[in-house]
Amino acid sequence: MDGKLIVFEGVEGCGKTSQIQLCREWLQSLGISVIVTREPGGTELGLHLRRLLLEKAEKQPIAELTELLLYAADRAQHVEQELKPNLAAGKYILCDRYTDSTTAYQGYGRGLNISLINQLNYIATSGLESDLTIWLDVDVEVGLARKQGNGDSLDRIEQEAIAFHKKVQQGYAELAATHPARIIRVDGNSSKEAVQQVIQKVLRLHLQELP
Ligand code: TMP
């Protein structure tokens, strides 16, 4: 069986982490070899970059272009070290965020040039696209309330104003409209179990070789 890159995307608190775990269990129960990974932070180097990127704002804020380049650096390392070898070994990779996060957050959220981001995404991935991207669509307010309800303190990006997160959400909506074959919207507002049922149906429909 060929390897597959399946990406989960969405705004803060959209439920990616739980859905990825449920999906991993389901795929493993079908006898499929699964790897779970994430961006930023899917490699040892990436873990350092993740800390730099998500620590609370310091006295000297990270410039927007620097932020973009750090996400791209994390991705370049992740693609070479984790994604390509595991795909070549025929694994199913469940990846928490990928190139669409950069378009949504740095492009739509920060307002950086989208064609520059497309080029950087291409350079960082050497053109490796996801086989399928699940966009878990939840209202921004619902997602942020979930995060706050968990009692965790908010990281540098989660702390951004609601207007920023709404622009990110708009970015995902536009990306999904532009790439309907690759990005599938799943309503993330219902229960974990109900959302997982929909995801499994979507994967069966789009990855026809599933047993
Ligand atoms: P998460 O992995 O816990 O969702 O957190 C990652 C954070 O980094 C989240 O706020 C989204 C942000 N992010 C970007 O801004 N650009 C990117 O390219 C990626 C991968 C993540």
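Count residues from 1 along the sequence. Order of listing sets the numbers, starting from 1, for every ligand and every atom in it. Only a predicted model underlies this, so the values are computations on that prediction, with no experimental measurement involved.
Looking at Glu160, Glu39, Lys147, Gln106, it is Gln106 that brings a heavy atom closest to atom 16 (N) of ligand 1. Residue Leu54 holds the heavy atom nearest to atom 7 (C) of ligand 1 of all those in Leu54, Leu68, Asp155. Of the candidates Tyr105, Tyr98, Tyr71, Tyr71 brings a heavy atom nearest to atom 8 (O) of ligand 1.
Donor-acceptor pairing under 3.5 Å is recorded for the side chains of Thr133 and Ser130. Between the side chains of Glu64 and Gln106, no donor-acceptor pair is found at a separation under 3.5 Å. Gln197 and Glu193 form no side-chain donor-acceptor contact under 3.5 Å, judged by distance and modelled atom types alone.
Set against the non-hydrogen atoms of Ile157, the atoms of ligand 1 under 4.0 Å away are 10 (O), 15 (O). Shown in contact with Lys16 at under 4.0 Å from a heavy atom are these atoms of ligand 1, numbered in order with element: 4 (O). Shown in contact with Arg50 at under 4.0 Å from a heavy atom are these atoms of ligand 1, numbered in order with element: 1 (P), 2 (O), 3 (O), 5 (O). Taking every heavy atom of Arg75 and a limit of under 4.0 angstrom, the matching atoms of ligand 1 come to 18 (O), 20 (C).
When non-hydrogen atoms are compared, ligand 1 lies under 4.0 Å from neither the backbone nor the side chain of Arg38. The proximity of Glu12 to ligand 1, defined as any non-hydrogen pair under 4.0 Å, is limited to the side chain. Contacts with ligand 1 closer than 4.0 Å are made by heavy atoms of both the backbone and the side chain of Thr102.
Residue contacts with ligand 1: Arg97 is placed with a nitrogen or oxygen under 3.5 Å of a nitrogen or oxygen of the ligand (distance criterion only).
Here Lys167 does not pair with Glu174 in a salt bridge; the nearest charged N to carboxylate O distance is not below 4.0 Å.
Partner of Thr37 under the side-chain contact (heavy atoms from CB on, under 4.5 Å) criterion, chosen from Leu94, Asp96, Ile93, Leu5: Ile93.
Heavy atoms of Glu67 come nearer than 4.0 angstrom to ligand 1 in no pair at all.
Because its NZ or CZ atom is not both nearer than 6.0 Å to the ring centre of Phe8 and within 45° of the ring axis, Arg97 does not count as a cation-pi partner of that residue.
Residues Phe164 and Arg110 meet the side-chain proximity criterion, which asks for heavy atoms closer than 4.5 Å.
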- request: Kindly indicate, with the supporting measurements, whether the criterion side chain to side chain donor-acceptor pair (under 3.5 Å) is fulfilled by Thr43 and Glu82.
  value: CA-CA 7 Å; Thr43 62; Glu82 284 292 315; over 6 Å; no
